Amino acid sequence: MRIYNTMTGTKEEFVPLKKDCVGMYVCGPTVYNYIHIGNARSFVVFDMVRRYFEYRGYDVTFVQNFTDIDDKIIRKANEEGASVFEVSERYIGEYFKDADALGIERATVYPRATRVMEDIISFISDLVGKGYAYGTQDGVYFSVEKFKDYGKLSKKNTDDLISGARVDVNEQKKNPLDFALWKLAKPGEPYWESPWGQGRPGWHIECSVMSSKYLGNPFDIHGGGPDLVFPHHENEIAQSEAKSGVRFVNYWMHAGYLNIDNQKMSKSLGNFFTVREILDRYDPMTVRFFMLSAHYRNPINFSFELLDQAQVGLDRIKNCVFRLRELKGRAGECAGDKEVLQYAEEQRQNFISSMDDDFNTAEAISHIFNMVSFANTRIDDGSGQAAIDCAADAVTELMGVLGISLDIKKELLDEEIERQIEERQQARRRKDYAAADNIRDELKAKGIILEDTPQGVRWKRR
RNA sequence: GGCGACGUACCCAAGUGGCUAAGGGAGAGGUCUGCAAAACCUUUAUGCCCCGGUUCAAAUCCGGGCGUCGCCUCCA
């Protein structure tokens, strides 16, 4: 497998630290609000990565944190007159609702900043002891100039950053780029005891602490959104490597942005949709399919039109599997067809080689569509039972690797609808097509699509 | 200003040195059907932002433009 590593800017052959095992850490949400659809993209992307590793036989340890203490959470809690704990707890719950809907598998562990406070404090103590950190009147800071490799991930050099001069004013800091490891609490703010006084951890430190706690140093893969490259991941590297003296992470992976009107979706611009809003209007699997229809590192533009396109594409795949499953019962009438079997295996291999090449889901999906087309052409000519199963299984399996369930389970219609379908069939038999079409329209209004096939009436929900 | 990414058909989107440039959507024509839907067949880029260059050979490499976007500040 080849993976694009942000650190080196090239695709590299993936060599795990431990044979057949992968340790990956993905930066999770700061829980003060619902996640938006842009946040969701990177979670979907890394879920796809994780699923693919598992498909290829790796044992994956997947760690994703919750940032459950931070300025924004404090602000939100104050606004609502709630405690920080209540706010974070609530939005962790909401996160799981969205993530579950999108088919994102649960992580192996979900560490939270507030639950690893002792580890954080001892980590910072180490840094202070080694001379990488210093205290000020408002906290403890990491001294960037002590870490000579600072900027190696984001390809920035400290001189340019300083002259860029968009850093906040804080006379206490020795260098404008220095960042907080520990923030002392202002009156009324929640706090934890520490050798430097009552306070809370800075944002970057938790990820260094939690990743090393569960995965050690170095570990295989660290992922996150593209806007985390600088400064968050850069700072993680500085802290972790300063402390441990060894490489922090072997492969850095970053997803592309999900844009809207070709611009980054962001809360300050107000141009974002929450996952919740979108899921009111679209099947979550459609959203997931849309997100995976482009390569994970490329930016994708979000629009309802594109979502509609994705939905039609996904329906094509679902229809095919549906038809194949339907044929199962009539297998005896079909002639054998080894070709389908072979074709399915061929496309499966193509899928794998696309995915092996830095998780090229766009190309991988094209092989699924090829499989669908091939199967569709054979449905009418007739294929053997094994071949039909094989085709349906292959499509279902590969979509499953992408985390997209086809959900073609048979559900029962209520009696009223059942009766209407029968009524329409009678109308058709007596060639009363006006009445038949009427009923079809009525059902359509209820979300039931009818299709007349040589095997009888088929229905599906829209 | 510094650093970086991207620009492929009407739309989305792979391909990054060499068979006739994947795949999906949309459109057009056809098969099937009472009609519709689904499905199938045919069709839609002699060309991959522009201009140079390297090469037997470039969408793919190099140089220069133009355009779009991002990071440099909390942000997935």
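In what follows, every heavy atom counts, from backbone to side chain, and hydrogens, waters and symmetry copies are set aside. The shown structure was predicted, so the numbers you read here are calculated from the model rather than taken from an experiment.
A:D71 comes within contact range of no nucleotide atom at all, as no heavy-atom separation falls under 4.0 Å. A:A294 comes within contact range of the sugar-phosphate backbone alone, with a heavy-atom separation under 4.0 Å but no base atom that close. When heavy atoms are screened at a 4.0 angstrom cut-off, A:Y257 is found touching base atoms of the nucleic acid. Nucleic acid contact for A:G9: none, since no nucleic acid atom lies under 4.0 Å from a heavy atom of the residue. Within 4.0 Å of A:K156, counting heavy atoms only, lies at least one base atom of the nucleic acid. A:L450 comes within contact range of at least one nucleobase, with a heavy-atom separation under 4.0 Å. Looking at heavy-atom distances under 4.0 Å, A:H295 makes contact with sugar-phosphate atoms alone, never a base. Residue A:I368 is out of contact with every strand shown, counting any heavy-atom pair closer than 4.0 Å. Among the protein residues, A:K72 comes within range of the sugar-phosphate backbone only, with heavy atoms under 4.0 Å from sugar or phosphate atoms but none that close to a base.
In this structure, B:rA38 forms no base pair with any nucleotide, since neither Watson-Crick nor G-U wobble geometry is met with both distances under 3.5 Å. Remark: B:rA26 base-pairs with B:rU44; criterion is Watson-Crick or G-U wobble with both hydrogen-bond distances under 3.5 Å. In this structure B:rG52 sits in a base pair with B:rC62, meeting the Watson-Crick or G-U test at under 3.5 Å. Base pairing annotation: B:rC32 forms no Watson-Crick or G-U wobble pair, as no partner gives both donor-acceptor distances under 3.5 Å. Pair assignment for B:rA5: B:rU68, on the basis of Watson-Crick or G-U wobble contacts that are both within less than 3.5 Å. Nucleotide B:rA14 has no partner under the Watson-Crick or G-U criteria, as no pair reaches both atom distances under 3.5 Å.
Among residues at least two apart or in separate chains, salt bridge (Lys or Arg N to Asp or Glu O under 4.0 Å) pairs with a member in residues 297-307 of chain A are A:R297-A:D358.
Between A:Y95 and A:F66, a ring centre-to-centre spacing shorter than 6.0 Å is recorded. Residues A:F96 and A:Y110 place their aromatic rings such that the two centres sit under 6.0 Å apart. Between A:Y150 and A:F142, a ring centre-to-centre spacing not shorter than 6.0 Å is recorded. Centroid-to-centroid, the aromatic rings of A:F219 and A:F248 come within less than 6.0 Å.
The nearest heavy atom of RNA chain B to A:S154 and to A:M265 marks one nucleotide each, and the one closer to the 5' end goes with A:S154. Between A:L228 and A:R297, the residue anchored closer to the 5' end of RNA chain B is A:R297, taking for each the nucleotide with the nearest heavy atom.
To the nearest whole angstrom, the two C1' atoms, one in B:rU16 and one in B:rG27, are 31 Å apart. Comparing the P positions of B:rU46 and B:rC41 gives a spacing of 24 Å, expressed to the nearest Å. Rounded to a whole angstrom, the distance from the P atom of B:rA5 to that of B:rU42 is 41 Å. Comparing the P positions of B:rC48 and B:rC11 gives an interatomic distance of 16 Å, to the nearest angstrom. Taking atom C1' in both B:rG15 and B:rA21, the straight-line distance is 8 Å, to the nearest Å. Between B:rA58 and B:rC69, the distance separating the two C1' atoms is 26 Å to the nearest Å. Here the separation of B:rA45 from B:rA14, taken at their C1' atoms, is 15 Å to the nearest Å. Comparing the C1' positions of B:rC51 and B:rG7 gives a spacing of 16 Å, expressed to the nearest Å.
Around the NZ atom of A:K444, the shell of radius 6.0 Å holds no more than 12 heavy atoms that belong to other residues, nucleotides or ligands. Crowding of A:D261 atom CG: a count of heavy atoms from other residues, nucleotides or ligands under 6.0 Å not exceeding 12. Applying the 6.0 Å contact sphere to NZ of A:K446 captures more than 12 heavy atoms from other residues, nucleotides or ligands.
Taking atom CD of A:Q311 as the reference point, atom C1' of B:rC11 lies 17 Å away to the nearest angstrom. Whole-Å rounding puts the A:H36 NE2 to B:rC74 P distance at 17 Å. Rounded to an integer number of Å, the gap from A:L306 CG to B:rC10 P is 17 Å. In this entry the distance linking CD of A:E305 with P of B:rC10 reads 15 Å, nearest Å. Per the geometry, CZ belonging to A:R2 stands 12 Å off C1' belonging to B:rU16, to the nearest Å. Protein atom CG of A:L292 is 13 Å distant from nucleotide atom C1' of B:rA13, rounded to whole Å.
Using a 4.0 Å cut-off between charged side-chain N and carboxylate O, A:R419 and A:E422 make no salt bridge. Using a 4.0 Å cut-off between charged nitrogen and carboxylate oxygen, A:D315 and A:K460 do not count as a salt-bridge pair.
In terms of modelled atom types and a separation under 3.5 Å, the side chain of A:S42 and the main chain of A:N39 share a donor-acceptor contact. Looking only at distances, no side-chain donor or acceptor of A:R276 sits under 3.5 Å from a matching main-chain atom of A:Y34.
Distance from the side chain of A:N360 is smallest for B:rA14 among the nucleotides B:rA14, B:rC12, B:rA38. Of the candidate nucleotides B:rC71, B:rC41, B:rA38, B:rC71 has the atom lying nearest to any side-chain atom of A:F230. Of the candidates B:rA38, B:rG70, B:rC40, B:rG70 carries the atom nearest the A:K264 side chain, counting heavy atoms from C-beta on.
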Please list each protein N or O that sits under 3.5 Å from an N or O in nucleotides 33-35 of chain B, with the distance.
| residue | atom | partner | partner atom | Å |
| --- | --- | --- | --- | --- |
| B:rG34 | O6 | A:R428 | NE | 3.2 |
| B:rG34 | N1 | A:D437 | OD1 | 3.1 |
| B:rG34 | N2 | A:D437 | OD2 | 2.7 |
| B:rC35 | O2 | A:R440 | NH2 | 2.5 |
| B:rC35 | N3 | A:R440 | NH1 | 2.9 |
| B:rC35 | N4 | A:D452 | OD2 | 2.7 |

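The phosphate of B:rC3 (OP1 or OP2) has no side-chain N or O of A:N157 nearer than 4.0 angstrom. Between A:N376 and the phosphate of B:rC40, there is a side-chain N or O to OP1/OP2 separation shorter than 4.0 Å. Between A:N298 and the phosphate of B:rA14, there is a side-chain N or O to OP1/OP2 separation shorter than 4.0 Å.
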| query | Does the side chain to side chain donor-acceptor pair (under 3.5 Å) test come out yes or no for A:Q263 and A:N271, once each step is laid out? | reply | CA-CA 9 Å; A:Q263 282 198 310; A:N271 60 345; 4.7 Å; no
| Which letters describe nucleotides 19-27 of chain B, given B = protein heavy atom under 4.0 Å from base, S = only from sugar-phosphate, - = neither? | ---BSBS--
